[in-house]
Every structure is written in C-alpha cells, then in structure tokens.
Amino acid sequence: MDRSLDTFIKEIAELLGTTLQMRGADIASLIERPQKANQGDYALPCFFLGKEQGRNPVEIARELADQLAPAGSIEKIAAAGPYLNFFVNRIAFVGRAIGAVIKTGATYGHSTVGAGQTLVLDYSSPNIAKPFGIGHLRSTVIGHAIKKLHDALGYKTIGINHLGDWGTQFGSMIVAYKKWSDKPAEELTVSELVALYVKFHAESEADPALQDAARAAFKKLEEGDPEHVALWERFKADSLKEFDRIYDMLGVHIDVASGESFFNDKMGGTIKRLKAAGLATESEGALIVDLEGHGMPPCLLLKSDGATLYATRDLAAAEYRYQTYKFDRMVYVHGQEQKLHFKQVFKVLELLDREWAHGLVHAEFGHYRFKDAKMSTRKGKTILLEEVLNKAIELAEKIVTEKNPDLEDKTNVCRAVGIGAIIFADLSNRRKRDVEFDWDRILSFEGETGPYLQYAHVRVCSIERKWGKPIGPDTNLELLTEEAEFQLAKKLADFPPTIRRAAEQYEPSLVSTYLLEVAREFSSYYEAHRVLNEAAPDLTAARLTLVAAVRQTLANGLRLLGIEPLSEM
RNA sequence: GCGCCCGUAGCUCAGCCGGAUAGAGCAACGGAUUUCUAAUCCGUAGGUCGCAGGUUCGAGUCCUGCCGGGCGUGCCA
C-alpha cells in the first residue's frame, strides 16, 4: 500500500520515532492496516522488536502502549497481543478523506508520478480476415484499462493496435480464395472470408501441399506481386470496417493502428543490423539468432524460403517505435502463450545493445476456456464478441423495460449497462488466470458485476436529483459520526494507492475488486441510513457530501476501466 | 522430456511486503419494500487454502518434491 500520502501514518511514525529511535520512513513502512475494525485503524506489529531485543513482542507492545501518549489525530494507542494498535480521530479522518475526493473531483486518484515518462502499449491486435472473437476482448479491454491507468498517473501514453495483417495466414487466404471462391474479391463479406479460412484449415490437414502453396503465396505477397497485394488489401479493408464497429461499441479508440505489414520495408534493416552484430546465423536453411546460451530455443528471423516471421516483425517494430516515441517502457498486452516469443525478442534486442530493451514488458493474460469443445478459429468454432455484446445489450433492454419503462435515454443506457457488464466481467479476473467462459456468468447483472457498480452510482445520482439543490461549501462533515460513515471514508481513501498499484502491476482487476468493495459498503450504508432528511438540513448536507464522494470515486474508477458511469438506469 | 502459468466454500473468484478469527458473489435456505431506484440489503449454512516436506516467533502467501489443469517448446501468430 502507498503510504506517502497518508498523513495519519506520518503522525504515527513521528510519535514512535523518538521512542524507537528509528527514522520516520522506516517506521511508516512497518505500519499495517488491521483487517478488523475493532483492531484499530493502524497497527505496528512488534515481532521485529522482539527479535531485536530478544524479548516477548507481547510485552514490548504493552510497554509501548504505556509509554506513548496519544497526540494530534491519534486518539488511542492500545496493545493487543504482539500488536500495537492506533485509533485515529474519526472526525479528522472523515474530513480529510472526503475533502480530498470533493476537492479533486474528476481527478481524484490521479497523480503526476508518471510525468515526463512515455509508455507505449501494444494491445488488442486482432487478426485481419479472422473474426473478432471473444478471445480478443481480453487484450483490448485490459490494454485499454492499463493505458487509462497510466494516463491518470501522468504518463504520456501511446496505444498501438498491432494488427495481424501479415504472415503466412494471408497466403492461406489467397490460396483459399483462388481455389474455392468465384465471387469478385470486393463482394466478399467477412464471414465468407472466415469460411474460406476455416475450409483451408480443414482441407490442408489432409493435403499438406496446400500449406506449401500458402507459404509460396505469402512469399509472393511479401515480394509485392500486384495481384496478391490487391487481394490482401481487399481482405484487410473489409476486416477493418468490422473491427471499427466493434471498437465503437466498446468505446475503445486506439491511437495508432499500424499492422505488421507496416514493417515490411523495415525488417531488412533489422536483419542487416543483426547480421552486422554477428547475432544472425544460418541454421537448417533458416536465419536464426542462437539463444542457447540464454536457455532458450533459437529466435527465427527468416524461413528457409526467405520469408519473414512474427519475431522479425516484432523486432523491427520495437526498433521503429523506439526511434519514433523514445519510450521509457513499452508494454505488450498479449496472451500468455506468447511468453517465450517475447522473451526471445527482448533478449535479441538486449544482445543488440539496445539499452531500452530493459523497458520492454510482456503483460501476459490467460484465456477464455470453454466447457465443452475447445474453441478454435481454425475449426470455425468461436464465440463472436459482437454476439456477446449484442446479447448483453438485449438483456439490459429487457431488464430496463421491466424496471424503468419510462427511462428517457434508454438506448444509451442499455448500451452502457450491457457493454459495461461484459467489460467488467473480463476485467474482474486477474490478468494471468484463464477464465471460464460461461454465458450465465458473463451476462449476469446481479452480484459482483458491472451493473451492480452502475446501480450504486445511479442511486447516488438519484438522491442528488431528488435533493435538487447544490450543497453549500460550509458543510459540516463532523456530523458524519456513524461507524459506517467512517468505514466508507476509509474505503474511499484507498482509491489513489489502488490505482498506483494497479498501474504498477498492469493489473486492472485490482481496480475492479476495489470498486466492488466501495459499492458494497455504500449499498449497505444506503439501506441503513437515510441521506435526505428535511428536518436535519446540516446532517443532510454532510451525508450528501459523503455520497457525492462515493459517486465520484465510483465514476473515476469506472472510467479507468473503460466503463461509462450512468445517472439513471 | 524440459520451461512458464494456475490449483482457496458445491460453482466462479478476492486475499497487499509472510502477520491477528481466510473473505465476496452465484446457487440453497430464512427475512426486509408507506421511506433517497429491491439490478438492493440483512441473516443461516458452506473451508484439511491440491498433497507431502522445509524455512520462520508466525505460511493460503516463501523454498523443494509430487499430483492435477492450461500453455509453450524452429520455419503459425
């Protein structure tokens, strides 16, 4: 947890400093947050003192509790076994925590720790001429969230959609088209393209000659054969149109769309440099970088027919991007199956003495698993992302019609609820884990879901709408004396460190989990405490400020995840 | 074979630098709506944290081995 901003920890450290004869920062790093409310607000585990002094930590904690006098915002110091527990002045805590949210508003949780640093993100990266399946949701939404998290921390970020628009697969497409389709290329739909792709893989299993033909066709494409290039451009244009529609639905806009083909004329230079550095060697007819000394299989640069490979394109892309953006870090949001690939690419760049190679990160993620059959694009078994999104929107419509039939902005609300549900369902899983794909679960709107967060946000908006007046600046937050109000304020104060941790670890799920906790505590508070009370205007104003802080935190968090907060649903 | 990731309640998952009594949701059961949106809330029940060792004052968390699952392991991306 990030302690630098916590003024209470600072106070505790100062209190302890003289007695323990330690530096404040060292003490601060030892302070913990107890799990249970009755254990105090902060705690110092005394085991390390016991060890140092060869004494029982329980005794030490008791002694310290006797010696130390509460001061400032620290109201009570008590020993509980080997722990020294600190209780803060709740009024002070609530005031500071809520004040911080209200003061910073839409930038609550943001900071400038990343100022002056550039972060390049490579994410989404769907393959041209393949359907945009549910599998590509992960890279897209995780990458988008990681980008937003870093934006919030002051980094300059550049998102790159490294489209899979080059490689042997396009040889397959061209062969399949020529062999089985009699339609002019410009009339082909994406689903017909996919059908060709599937057919190619089915047939090529029985007839390996097809694969040779595909490789030859890609070689020709790479050499610039006009007929092949024209077909490829046709396939690509159709796919891009389809992708754009899906990105619009998701609300994701990636700064730069440069496919692998963009590096077609840049790979030669990379290979030249690798040869000059003595790294590229020939082996079994192919050009490789031998990585045996680094415990890895060789990195393949050129196939024996001279055509390029995935690694060749990533190497050229990395060099080009460094030249262009001078990034401090570049994060690849790609599946965990590519781990070795990136390890190899990073190592080769390191061997080429590219200092910046140390700033390269593979933020890998696990995949959707399917209960029954194994999904495979090649076999034509896939769940289309668009289908999932549309089902979610339909379901949202059904529920809205039932619960709030007079809603004005129904189309937009249903879209935001449905899409938000899908995005949140994905982002609530820890990045590295595989996730079970389950229609019931991904389309659930109850419990730990996107709609649950939306609902909590909507409820606050509804309270504010009903009140209808602005809250005065002289609100007396000292009236927020309920236990639940203190706990809620504590939870809100955790938002900034959560964002930092999520960005550091490239782990949006930390934000998801956190937001669920905020919404849960708020919902519980909402049931038990009425906000609007004409008979008690001061208390009403104080509670309105508290729930406004909750709304702001939820809204900021949802936006970081790429979900649009709603005021009605 | 070797390498990487994962294994926590019936199911799906949280669990921070190793710290106090391992937490949620779903499903099940029982309650709550004259009151700010019940897409909600409250309660009950549900655990040998895959197994076996080790390190430590202390292990779901670190180390070793094994078991189970996923992925990778030279001309796909």
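Each chain gets a letter, A, B and so on, in the order its sequence line appears, and its residues count up from 1.
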| field | Phosphate OP1/OP2 of A38(B) contacted by R459(A) side-chain N/O (<4.0 Å) | value | yes
| query | Going by the angle between their ring planes, with limits at 30° and 60°, are F218(A) and W166(A) parallel, tilted or perpendicular? | reply | perpendicular
| query | Is R433(A) near enough to G70(B) that one of its side-chain N or O atoms lies under 4.0 angstrom from OP1 or OP2? | reply | no
| field | Pairwise P distance, C41(B) and U48(B) [rounded to whole Å] | value | 28 Å
| Rounded to the nearest Å, what distance is computed from the NE2 atom of residue H367(A) to the C1' atom of nucleotide G69(B)? | 16 Å
| query | OP1 or OP2 of C36(B) less than 4.0 angstrom from a side-chain nitrogen or oxygen of R543(A), does that happen here? | reply | no
| query | In whole Å, what is the span from the NE2 atom of H529(A) to the C1' atom of U35(B)? | reply | 15 Å
| query | What class does the angle between the rings of W232(A) and F170(A) fall in, given that below 30° is parallel, 30 to 60° is tilted and above 60° is perpendicular? | reply | perpendicular
| Check ion pair K236(A)-D165(A) (N to O, under 4.0 angstrom) | yes
| message | Between K339(A) and C6(B), is there a contact of a side-chain N or O with OP1 or OP2 at under 4.0 Å? | response | no
| said: I need the CZ-C1' distance between R441(A) and U12(B), as an integer number of Å. | reply: 5 Å
| message | Parallel, tilted or perpendicular, judged at 30° and 60°: which one describes the rings of F132(A) and F243(A)? | response | perpendicular
| said: I'd like the P distance from G7(B) over to C16(B), given in whole Å. | reply: 12 Å
| message | Quick check for you: among A38(B), A24(B), A77(B), whose closest atom lies nearest to any side-chain atom of T168(A)? | response | A77(B)
| said: If I take atom CG in residue D426(A) and atom C1' in nucleotide U12(B), what distance separates them, rounded to the nearest angstrom? | reply: 14 Å
| said: For the P atoms, the ones on C57(B) and on G65(B), what distance do you get once it is rounded to whole angstrom? | reply: 24 Å
| In whole angstrom, what separates L302(A)'s CG from C76(B)'s P? | 13 Å
| request: Nearest whole angstrom, please: distance from the P of A24(B) to the CD of Q35(A). | output: 12 Å
| said: I want to check something: taking the side chain as every heavy atom from C-beta on, are L30(A) and M22(A) in contact at a cut-off of under 4.5 Å? | reply: yes
| request: Enter syn or anti for the glycosidic conformation of C17(B), syn applying to angles within 90° of 0. | output: syn
| request: Go ahead and write out RNA chain B as dot-bracket, 5' to 3': ( ) for pairs within the strand, [ ] for ones crossing earlier pairs, | when the partner sits on another strand, dots for unpaired; Watson-Crick or G-U wobble, both distances under 3.5 Å. | output: (((((((..((((.....[...)))).(((((.......))))).....(((((..]....))))))))))))....
| said: Give me the distance, rounded to whole Å, that separates G18(B) from C49(B) when you measure between the C1' atoms they each carry. | reply: 15 Å
| request: Check whether any side-chain nitrogen or oxygen of R215(A) sits under 4.0 Å from OP1 or OP2 of C76(B), and answer yes or no. | output: yes
| query | Where along residues 46-57 of chain A does a heavy atom fall under 4.0 Å from RNA chain B? | reply | F47(A)
| field | Closest-nucleotide ordering on RNA chain B, the 5'-leading residue of A43(A) and M569(A) | value | A43(A)
| Residue R530(A), side-chain heavy atoms: nucleotide from A14(B), A24(B), C36(B) that is nearest | C36(B)
| Taking atom C1' in both U21(B) and G15(B), what distance in whole Å separates the two? | 15 Å
| query | To the nearest Å, how far apart are L453(A) CG and G25(B) C1'? | reply | 12 Å
| query | For atom C1', what is the distance between A59(B) and G3(B), given to the nearest Å? | reply | 27 Å
| task | Taking atom P in both A27(B) and U12(B), compute the distance separating them and give it to the nearest angstrom. | result | 15 Å
| query | Think R459(A) forms a cation-pi with Y526(A), using NZ or CZ under 6.0 Å from the six-ring centre and within 45 degrees of its axis? | reply | yes
| task | Taking only Lys NZ, Arg NE, NH1 and NH2, and the carboxylate oxygens of Asp or Glu, determine whether E521(A) and K490(A) approach each other closer than 4.0 Å. | result | no
| Would you say the side chain of S444(A) and the base of G25(B) hold a donor-acceptor pair, judged only by whether the two atoms sit under 3.5 Å apart? | no
| message | Under 3.5 Å, is there any donor-acceptor pair linking the side chain of S304(A) to the base of C75(B)? | response | yes
| Are any of R430(A)'s side-chain N or O atoms less than 4.0 Å away from OP1 or OP2 of G15(B)? | yes
| remark: Taken to the nearest whole Å, CD/E448(A) to P/U40(B) is 11 Å
| task | Give a yes or no on whether a donor-acceptor pair under 3.5 Å exists between the nucleobase atoms of A27(B), that is its base, and the side chain of D440(A). | result | no
| Under 6.0 Å from the CD atom of E483(A), do we count more than 12 heavy atoms belonging to anything else shown? | yes
| Heavy-atom donor-acceptor pair, D426(A) side chain to I422(A) backbone, under 3.5 Å | no
| Does S523(A) have a side-chain nitrogen or oxygen under 4.0 Å from the phosphate oxygens OP1 or OP2 of U40(B)? | no
| message | Let me confirm one number: the CZ-CD distance from F48(A) to Q53(A), rounded to the nearest 0.5 Å. | response | 9.0 Å
| said: Between G58(B) and A77(B), how many Å separate the two C1' atoms, rounded to a whole number? | reply: 48 Å
| request: Measure from the side-chain heavy atoms of Q169(A) and tell me the nearest of C36(B), C75(B), A77(B). | output: A77(B)
| Is the shortest distance from a Lys or Arg side-chain nitrogen in K398(A) or E402(A) to a carboxylate oxygen in the other one below 4.0 Å? | no
| So, is R313(A) near the phosphate of A77(B), with a side-chain N or O under 4.0 Å from OP1 or OP2? | yes
| Do the rings of H362(A) and F342(A) sit parallel, tilted or perpendicular, given the 30° and 60° boundaries? | tilted
| said: If you assign each of Y452(A) and N127(A) to its closest nucleotide in RNA chain B, which residue comes earlier from the 5' end? | reply: Y452(A)
| message | Is there a side-chain contact between S524(A) and the phosphate of C42(B), meaning an N or O under 4.0 Å from OP1 or OP2? | response | yes
| query | Side-chain N or O of K343(A) less than 4.0 angstrom from OP1 or OP2 on G3(B)? | reply | no
